[in-house]
2 protein chains.
Amino acid sequence: MQWYDSVVPEVGNSERSWGGASFLLAQVGAHAAARFKERIAELDLAAPQAGLLRMIAVTPGLSQQAYATRLGTPPSRFVTLVDGLEARGLVERRRGEPDRRLYALHLTEAGQQMMRRIGAVGRAHENALCEALNDTERAQLRDLLARIAEQQELTAGVHPGYRPRS
Amino acid sequence: MQWYDSVVPEVGNSERSWGGASFLLAQVGAHAAARFKERIAELDLAAPQAGLLRMIAVTPGLSQQAYATRLGTPPSRFVTLVDGLEARGLVERRRGEPDRRLYALHLTEAGQQMMRRIGAVGRAHENALCEALNDTERAQLRDLLARIAEQQELTAGVHPGYRPRS
DNA sequence: TATTGTTATACTCTATAACTATA
DNA sequence: TATAGTTATAGAGTATAACAATA
């Protein structure tokens, strides 16, 4: 008998679906996101900002449109996101050459420093979240989740929260 | 080399934290929630409504306050949630006896029928989401997630989305 | 005329706090 | 005076669509 079975011993199959992998995934996933949001807020960042910083760090110099397309974000929302990072001096808009319609995005020095702090936050978060599992089990979990992600055609490193909700 | 490693081969440790279990959990968890939202929308329900219906099905007859406390939801939001379900004839408010300040919540006949349809949706959702895994692996995944949930002190069957965001 | 980026606006969801009724 | 539930209102976050600049 598992923990997630024990609480609803008397109900039928329909209610029991809450003990399935899909509900646990949504539940624990939302918990993970909430805890990360708390930690990243201490750097005065929102989670989507941290995700964008990381994407720029990994693949710098693309146009705003290119990043927005990769993330699945509507342009107007993406502009707001970049505005916040640029106002804090973490990201730089460099006018396109020769096509002056586009802006290539780059991390500033401060932005690269921020990425290192985000990395530290991420590692602390990972450890706190997986405290119940040993190293072998964590690897097992990563493997199972990665296989689901691949089969569901999720893009590595891109959180679905960037996509429109409708 | 895993799928989630292969995409960012050249970057440092800070950016690599996106391949950790915690990011995969948030990512796949958000995906699971989004897919469930789509499916449940075909029954003209929002996900939080389905979760509340299920809680009432499992433990009927409590006061609104009791449910709201269990879910961690502010009273005003809870009222809105119940209003929607009552207007559709899925949930019934029964005036408290003898304390006429409370309303005990029960599923109507239509509400119980709806729970069966939700159960079918949930099973289809589970199968689609876990298509990449065989039965043994699904059990493994449930076990790992349930251990994290327990250590993180999550309440079984209660999605963190009911809690205030601040 | 098409494309990149921006701004204006409206909509959805939710939290805070004031309010009503019962105790 | 305290508690259960409700209503009013404001705020955050986000999408739609119109717009300006450049090609």
Side-chain angles (χ1 to χ4, degrees), chain A residues 30 33-34 36-38 40-41 44-52 56 61-87 91-106 158-166, chain B residues 30 33-34 36-38 40-41 44-52 56 61-87 91-106 158-166:
Chain A
F36 182 74
K37 180 182 169 184
E38 283 177 0
I40 212 70
D44 271 309
L45 286 176
Q49 292 181 311
L52 175 55
I56 300 174
L62 302 185
S63 69
Q64 299 192 176
Q65 183 125 136
Y67 290 118
T69 302
R70 286 188 181 207
L71 294 174
T73 309
S76 69
R77 182 179 167 193
F78 188 83
V79 166
T80 306
L81 217 49
V82 176
D83 283 350
L85 296 172
E86 189 187 37
V91 160
E92 193 188 351
R93 283 175 161 111
R94 294 191 198 154
R95 195 106 210 197
E97 283 292 342
D99 189 339
R100 291 168 49 75
R101 284 176 305 181
L102 11 84
Y103 283 102
L105 300 186
H106 293 269
V158 176
H159 192 284
Y162 288 103
R163 305 197 141 289
R165 280 164 181 172
S166 56
Chain B
F36 182 74
K37 180 182 170 184
E38 282 177 1
I40 212 69
D44 271 309
L45 286 177
Q49 292 181 311
L52 175 55
I56 299 173
L62 301 186
S63 70
Q64 298 192 178
Q65 183 123 137
Y67 291 117
T69 301
R70 286 189 181 206
L71 294 173
T73 308
S76 69
R77 183 179 167 193
F78 189 83
V79 166
T80 306
L81 217 49
V82 175
D83 283 349
L85 296 172
E86 190 188 36
V91 160
E92 192 187 352
R93 282 175 162 112
R94 294 191 196 154
R95 194 104 210 198
E97 282 292 341
D99 188 337
R100 292 169 46 79
R101 285 175 307 180
L102 321 82
Y103 283 101
L105 300 185
H106 294 267
V158 176
H159 192 285
Y162 289 104
R163 313 198 76 79
R165 282 166 181 173
S166 56

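For the numbers below, each heavy atom of this structure counts, side chains included, while hydrogens, waters and symmetry mates do not. Residue numbers begin at 1 in each chain, while the letters A, B, ... track the order of the sequences.
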With a 3.5 Å cut-off and just heavy-atom distances, do the side chain of B:Arg101 and the base of D:dT3 make a donor-acceptor pair?
yes
Whichever of B:Asp83 and A:Arg95 has its nearest DNA chain D nucleotide further upstream toward 5'
B:Asp83
Separation of C:dT14 atom P from B:His159 atom NE2, nearest Å, is 12 Å
Using a heavy-atom cut-off of 4.0 Å across all strands, would you classify A:Pro75 as base, sugar-phosphate, or nothing?
base
Looking only at D:dA4, D:dT7, C:dT6, the nucleotide nearest the B:Ser76 side chain is D:dT7
Selected nucleotide, minimal atom distance to B:Gln65 side chain, candidates C:dA15, D:dA4, C:dG5:
D:dA4
Separation of C:dT7 atom C1' from A:Arg77 atom CZ, nearest Å, is 17 Å
How close or far is atom C1' of D:dA21 from atom OH of A:Tyr103, stated in whole angstroms?
9 Å
Over how many whole Å does the gap from B:Arg93 atom CZ to D:dG5 atom P extend?
9 Å
Just call it for A:Ser63: base, sugar-phosphate, or nothing, with non-hydrogen atoms closer than 4.0 Å on any strand.
sugar-phosphate
Contact class for A:Pro48 (heavy atom, under 4.0 Å): base, sugar-phosphate, or nothing?
nothing
Residue closer to the 5' end of DNA chain D, A:Arg100 versus A:Thr73 (nearest nucleotide):
A:Thr73
Can you measure A:Tyr162 atom OH to D:dG13 atom P for me and round it to whole angstrom units?
14 Å
